[in-house]
Amino acid sequence: SQTIHQWPATLVQPVGSPLSLECTVEGTSNPNLYWYRQAAGRGLQLLFYSVGIGQISSEVPQNLSASRPQDRQFILSSKKLLLSDSGFYLCAWRSTGSNQPQHFGDGTRLSIL
Amino acid sequence: AQSVTQLDSHVSVSEGTPVLLRCNYSSSYSPSLFWYVQHPNKGLQLLLKYTSAATLVKGINGFEAEFKKSETSFHLTKPSAHMSDAAEYFCVVSEGTYKYIFGTGTRLKVLA
């Protein structure tokens with residue numbers, strides 16, 4: 001069966017520090033991969049998605065970036081965190097093809113001080 | 001353009017009573033529709049999906065939803081609420097592309 005792993009579960013970082021969140025998927029190949037941010041009490045905002053290695057699409061201009069160095073690995077990064085980057089970050093995958101559901105990791109709670 | 005509206009931001013029910021969480025969608029094509037549940041500080045778990053097969057969809061944990069094209073609705077129901085159902089629920093629409101449109105969520109409270 002397929003599984004998705006996100007780490008770390010929680011992270012506290014100072015303003016201006018760098019960020020690296022990692023997500024890996026097991027049990028499938030060539031998944032579509034996603035990064036979302038969920039602000040407190042709000043819905044999900046799509047940040048990035050990827051349909052293949054090295055292929056990243058950005059949905060929202062910001063100081064975050066994403067990379068997909070391997071088929072089942074998706075990394076969210078920042079060179080300098082802002083206070084507004086606080087939130088709950090979720091990675092998700094789906095199989096290729098139409099009408100497939102997304103499957104989510106357990107998320108990373110990021111607090112910026 | 002696609003959109004999803006969850007009509008209630010909060011719903012409270014007593015344990016053992018029915019649950020109804022309402023969702024309306026707008027889509028230019030035949031949509032795929034999903035319901036997810038999110039417990040605190042957890043990711044979203046897929047409850048059920050509609051992808052143009054049967055209009056009544058059964059999901060996990062006793063939940064089901066009915067796709068009504070004429071009403072552009074996809075309401076989530078459960079005959080009898082359990083304390084463990086207390087969580088946030090998201091209705092999601094997709095038109096078969098990579099993008100998913102999420103509702104703003106309905107927080108379900110279950111009273112003992």
Side-chain angles (χ1 to χ4, degrees), chain A residues 1-11 21 23 25 30-52 55-60 68 74 87-111, chain B residues 2-10 21 23 25 27 29-54 57 59-60 63 65 67 74 76 87-109:
Chain A
S1 65
Q2 302 92 355
T3 56
I4 178 169
H5 303 280
Q6 260 190 266
W7 66 93
T10 59
L11 190 60
L21 302 181
C23 172
V25 181
N30 195 32
N32 295 162
L33 296 171
Y34 300 78
W35 278 111
Y36 289 90
R37 178 168 57 207
Q38 185 176 29
R42 298 176 66 178
L44 273 69
Q45 178 188 34
L46 178 62
L47 302 175
F48 301 94
Y49 72 94
S50 171
V51 299
Q55 300 178 63
I56 309 295
S57 296
S58 173
E59 290 293 306
V60 181
R68 184 170 177 175
F74 205 24
F88 192 51
Y89 288 81
L90 289 158
C91 182
W93 73 273
R94 56 160 262 181
S95 298
T96 54
S98 299
N99 306 319
Q100 297 296 318
Q102 292 180 307
H103 305 278
F104 288 82
D106 280 339
T108 295
R109 174 76 58 193
L110 176 63
S111 300
Chain B
Q2 295 172 287
S3 67
V4 175
T5 302
Q6 291 185 241
L7 298 163
D8 306 291
S9 59
H10 293 81
L21 305 183
C23 173
Y25 70 91
S27 175
Y29 306 99
S30 296
S32 293
L33 293 156
F34 310 89
W35 275 100
Y36 286 84
V37 60
Q38 184 181 30
H39 289 92
N41 293 312
K42 290 291 186 181
L44 279 68
Q45 180 186 17
L46 180 67
L47 281 176
L48 49 80
K49 63 179 180 180
Y50 166 78
T51 55
S52 74
V57 181
I60 62 172
F63 285 95
F67 174 73
F74 189 57
L76 182 69
E88 187 143 26
Y89 292 80
F90 291 94
C91 182
V92 182
V93 65
S94 169
E95 287 180 347
T97 62
Y98 63 85
K99 269 195 174 178
Y100 297 76
I101 307 300
F102 287 75
T104 52
T106 297
R107 187 165 298 279
L108 175 65
K109 187 174 182 179

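Below, chain A is the first sequence line, B the second, and so on; all start at residue 1. Not measured: the values here are computed from a predicted model. Side chains included, hydrogens not; waters and symmetry mates left out as well; all remaining heavy atoms used.
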Name the atoms and distances for all side-chain donor-acceptor pairs under 3.5 Å in residues 40-48 of chain B, with sequence neighbours left out.
| unit_1 | atom_1 | unit_2 | atom_2 | d |
| --- | --- | --- | --- | --- |
| B:N41 | OD1 | A:R109 | NE | 3.4 |
| B:N41 | OD1 | A:R109 | NH2 | 2.7 |

Atom CG of A:L46 and atom CD1 of B:I101: how far apart are they, to the nearest 0.5 Å?
8.5 Å
CD of B:E88 to CD of A:Q38, rounded to nearest 0.5 Å, is 6.5 Å
Determine yes or no for a side-chain-to-main-chain donor-acceptor pair under 3.5 angstrom, with A:Y34 supplying the side chain and B:K99 the backbone.
no
Select one option (side chain, backbone, both, neither) describing which atoms of B:Q38 are under 4.5 Å from chain A's heavy atoms.
side chain
Which residues pass the side chain to side chain contact (heavy atoms under 4.5 Å, CB included) test with B:T5, not counting sequence neighbours?
B:L7
Among A:G105, A:G107, A:P101, A:C91, single out the residue with the greatest number of heavy-atom pairs under 4.5 Å to chain B.
A:P101
Please rank A:H103, A:Q6, A:Q45, A:Q100 by heavy-atom pairs under 4.5 Å with chain B and give me the top one.
A:Q100
Decide whether A:N99 and B:S32 meet the rule of one side-chain donor and one side-chain acceptor closer than 3.5 Å.
yes
For the candidates B:Y100, B:F102, B:Y50, which exhibits the highest count of non-hydrogen atom pairs separated by less than 4.5 Å from chain A?
B:Y100
Any side-chain heavy atom of B:Y98 within less than 4.5 Å of one from A:S57?
no
